[in-house]
Amino acid sequence: METMNVCCDQIASSNSNQLHVLAVDDSNIDRKVIEKLLKVSSFKVTVVDSGSRALEYLGLEDDKNSTRFDDGSGLKVNLIMTDYSMPGMTGFELLKKIKNSSALKEIPVVIMSSENIVTRIDRCLEEGAEDYLLKPVKLSDVRRLKDSILKTAGDLSRKRKRNDDRLPVLPSSLSCHRNLNISPPASPQQPTPKLC
């Protein structure tokens, strides 16, 4: 049975500072636990029960690049948390599809698993996972993730502002150039007229 639970009560009272998490887990109990932890930490939450439902929500079904992750209601996904071991599509396969999407590759993906297998953890991190959490996920894990996301978003915002500050500011009208009728020099020997 596939489930998609968009928390409408969270959407109605949305706060522009709230981060939106797409949580993916085939276990109903684990979905409820992670949803509760995320809500307690002031996240907006959408939960789905499979990798294919996550791709559908994100607009990537059938391997199409899309930007449906902002579905018009202002619910841009800021973080994806997915179980590793799921039937159909594993969390690792979902991670690869997201990281191969030009529209979604910047969204952090966290893998959750009850299995502490070093090679699996390394493979997920090498493929671009933000973190790998061992289940049961704890409130401290969720709060640490939130702090990390907010710090990263703040760093990006400051970097963009610094880059914007470096751009030259051009006057909207250059008064000394307004009435000049300048044509290019006829030959390389002809001097270029002075503008001001």
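- Scanning both residues, D26 and R31, for their nearest heavy atoms gives O-NH1, 3.4 Å.
- With respect to the salt-bridge test (charged N to carboxylate O, under 4.0 angstrom), the residues R53 and E56 qualify.
- Checking side-chain atoms of E93 against main-chain N and O of T90 turns up a donor-acceptor pair under 3.5 Å.
- Annotation: cation-pi pair R123/F92 present, NZ/CZ under 6.0 Å from the ring centroid and within 45° of its normal.
- We find the CZ-CG distance between F43 and N78 to be 8.5 Å, quoted to the nearest 0.5 Å.
- Cluster membership for V40 and M81, using ILVMFWY side-chain heavy atoms within less than 4.5 angstrom, is shared.
- Side-chain atoms of K99 come within 3.5 Å of backbone N or O of K105 as a donor-acceptor pair.
- Here Q18 contributes atom CD and S42 contributes atom OG; the two are 6.0 Å apart, rounded to the nearest 0.5 Å.
- Using a 4.5 Å cut-off between side-chain heavy atoms of Ile, Leu, Val, Met, Phe, Trp and Tyr, with links allowed through other members, I111 and I117 fall into different hydrophobic clusters.
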Verdict with supporting geometry, K39 and E35, salt bridge (Lys or Arg N to Asp or Glu O under 4.0 Å): CA-CA 6 Å; K39 283 183 175 181; E35 181 178 14; 3.5 Å; yes
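- Considering every non-hydrogen atom in both A54 and V24, the closest pair reads CB-CG2, 3.7 Å.
- A chain of hydrophobic side-chain contacts below 4.5 Å, direct or via other Ile, Leu, Val, Met, Phe, Trp or Tyr residues, connects V21 to L139.
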Take D25 and T82, measure what side chain to side chain contact (heavy atoms under 4.5 Å, CB included) needs, and give me the verdict at the end. CA-CA 6 Å; D25 202 313; T82 181; over 6 Å; no
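- Taking the six-membered ring for Trp and thresholds of 30 and 60 degrees, Y132 and Y84 have ring planes inclined between 30 and 60 degrees apart.
- How far OG of S50 is from CG of L55: 8.5 Å, rounded to the nearest 0.5 Å.
- At a threshold of 4.0 Å, the pair K135-D83 counts as salt-bridged, since one of the basic side-chain nitrogens sits closer than that to a carboxylate oxygen.
- Annotation: the span from R120 atom CZ to L125 atom CG amounts to 13.0 Å, rounded to 0.5 Å.
- Residues V77 and L79 share a closest heavy-atom pair of CG1-O, 3.3 Å.
- Among all heavy-atom pairs drawn from M86 and G51, the shortest one is CE-N, 4.0 Å.
- K138 meets the side chain to side chain contact (heavy atoms under 4.5 Å, CB included) test with S140, D141; sequence neighbours excluded.
- Of the possible polar contacts, none joining the D131 side chain to the V110 backbone as a donor-acceptor pair under 3.5 Å is found.
- Side-chain atoms of S41 come within 3.5 Å of backbone atoms of L37 as a donor-acceptor pair (strictly under, hydrogens ignored).
- Heavy atoms only, all atoms of each residue included: C124 and L95 are closest at O-CD2, 3.5 Å.
- Atom CD1 of residue I121 and atom OG of residue S113 lie 8.0 Å apart, to the nearest 0.5 angstrom.
- A search for side chain to side chain contact (heavy atoms under 4.5 Å, CB included) contacts involving A23 returns I34, L38, V47, not counting sequence neighbours.
- Taking CD of E130 as the start and CD1 of I80 as the end, the distance is 11.5 Å to the nearest 0.5 Å.
- Residues L94 and V109 are not in side-chain contact: their nearest non-hydrogen atoms beyond the backbone lie 4.5 Å or more apart.
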For side chain to side chain contact (heavy atoms under 4.5 Å, CB included), just list the numbers for S85 and E115, CA-CA rounded to whole Å, side-chain angles, deciding distance to a tenth of an Å, and then say yes or no. CA-CA 9 Å; S85 299; E115 300 171 316; 3.7 Å; yes
